[in-house]
Amino acid sequence: METYNQTTDKLNHTQNHRFFRDDEFWRSIPGWQSITSDQFGDYRWQLKNSIASIDKIKELLKHRISDQILEDCKRAFDLFPIDLRITPYIFSLIDWDNPIDDPLRRQFLPLASQFQKNHPFVLKDSLFEEADSPINHLVHRYPDKVLFLALGKCPLYCSYCTRSRLIGGSSRNGRKQSISPGLSDFETMFDYIRSHNQIEDVVISGGDVSLLSSDLIRLIGKTLLDIDHIRRIRYATKSLAVLPMKILSDDDWFRALIEMNEMGRKRDKQVCIHTHFSSPCEISEWSPQAAERFFREGMIVRNQTVFQQGVNTRIDVMGLLIKQLGYMNVQPYYVFLLDMVPGIEHLRTTLRDAAEMEKSMRGLTSGFNIPDFACDLPTGGGKQHVSSYDYYNEETGISVWRSPAVKPGKAFFYFDPVHRLSFDAQQRWKDDKQRILMLREALSHGSPDLNPDPLYGVLV
Ligand code: SF4
């Protein structure tokens, strides 16, 4: 077996990260054999041909997918809270000769057979965004930053989405409350920001701003840049990874973003893009071309990766992703542990896995291109570095945290997936009384002076 040193050595001495596939890979999908590069490269064709049903998968793949896998997918969407929607770009990058292990299939097309029982402390709103929303569609958790939820749709739905309770409108598990602010909601959100002088930073997200009209990109951007105390705005879009054609072929939308960037610079304010690559398999020649289009216009692009079992938990895979992002002038900024929402236990990792992975990445490339590995703490503690916990018991999988800058006086827990624990620990998690004892024990070692949220039932 290859050792860690051999793997990093290989990463350091190969230039694989400079090469991106540029073949007509979509033609291997039986239903798209005759689709030309011009058609495939048009964002309108991509959106029109998105895959949103199991029947469509069968129709496109024909003999390339077995009835067994189709049935497995179908059962998954009865269990998972997220809707099915995949762009043709990502759908045709999936290795359909080995869909079970494919990292893109794992992220966007769950299989019921891989499902693991939800952790006892999963929450639909794990990050307590609703509790931190002073008004609708605006999350104000950090003192100087707000999250501006502009829409509730994405060109593709990630099965691990932290907002799966809101994104997409409905799923087979029932209708959802959605994020669909109108102009009067936007006015209320702007008024809140205007009247809170400490806010300097606004993340415009949802949802994915690739589905926001160019008029709204301009309206939101200009209104925010007109507020004196706003210094930074970021537009969040996964399109670089899952629909790069949007950047390359929707000129009006692209120009709207660039205009906001130019307007920001004239006022000494920063406008940038935050994107979301998690696997080297998401990157073909289209993505670096899209990143280059932003770069040439002086737009900063940063990336947030989600750390997922079987997607990017191998050192060579994470290393390649980080090097590819740096090569594309996309700054690898964060790698997040998965938030504790329903339906994602099979993708979650342990805290130790994340800390070890970060250690393995240090020194691989320039320090500013090494992402921070972070845990967004359940119940609203905000993002903390994976090594900044007060206490971590790898036997019970419980870590205890504090977040003095965000919620002083409150303790927070994060939990490793139960199926990764020892048999004894798994048995303890099944027993309510043992669970409380484990939490109390962790709290007494970690933050004995602080209380966690009452939902854990261990107030001191
Ligand atoms: S792109 Fe973001 S908001 Fe949309 S489904 Fe994925 S994680 Fe959720």
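Here the structure is a predicted model, which is why all the values come from computation and not from measurement. As the structure lists them, so they are numbered: ligands from 1, and atoms in each ligand from 1.
- A cation-pi arrangement is present between Arg293 and Phe254, with the terminal nitrogen or guanidinium carbon under 6.0 Å from the aromatic centre and inside a 45° cone about the axis.
- Considering only non-hydrogen protein atoms, atom 1 (S) of ligand 1 sits nearest to Lys238 CD, 3.5 Å.
- In the vicinity of His276, heavy-atom distances shorter than 4.0 Å reach the ligand 1 atoms 7 (S).
- Within the listing of ligand 1, atoms 3 (S) sit less than 4.0 angstrom from a heavy atom of Gly207.
- The nearest protein atom to atom 8 (Fe) of ligand 1, hydrogens excluded, is given as Cys161 SG, 2.3 Å; this is a heavy-atom distance.
- Taking the ring centroids of Tyr456 and Phe413, they lie under the 6.0 Å cut-off.
- Less than 6.0 angstrom separates the ring centroid of Phe415 from the ring centroid of Trp429.
- Within 6.0 Å of the NZ atom in Lys48, the count of heavy atoms belonging to other residues, nucleotides or ligands does not exceed 12.
- At the top of the distance list for atom 4 (Fe) of ligand 1, counting protein heavy atoms only, stands Cys154 SG, 2.3 Å.
- For atom 6 (Fe) of ligand 1, the N/O/S atoms of Cys158 include one lying under 2.8 Å.
- Not a single heavy atom of Arg163 lies less than 4.0 angstrom from ligand 1.
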| query | Yes or no on side-chain hydrogen bond (donor to acceptor under 3.5 Å, both in side chains) for His385 and Glu358, after CA distance, side-chain angles and deciding distance? | reply | CA-CA 10 Å; His385 188 269; Glu358 177 169 321; 2.9 Å; yes
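- Atom CZ of Phe295 sits in a sparse spot, with 12 or fewer heavy atoms from other residues, nucleotides or ligands closer than 6.0 Å.
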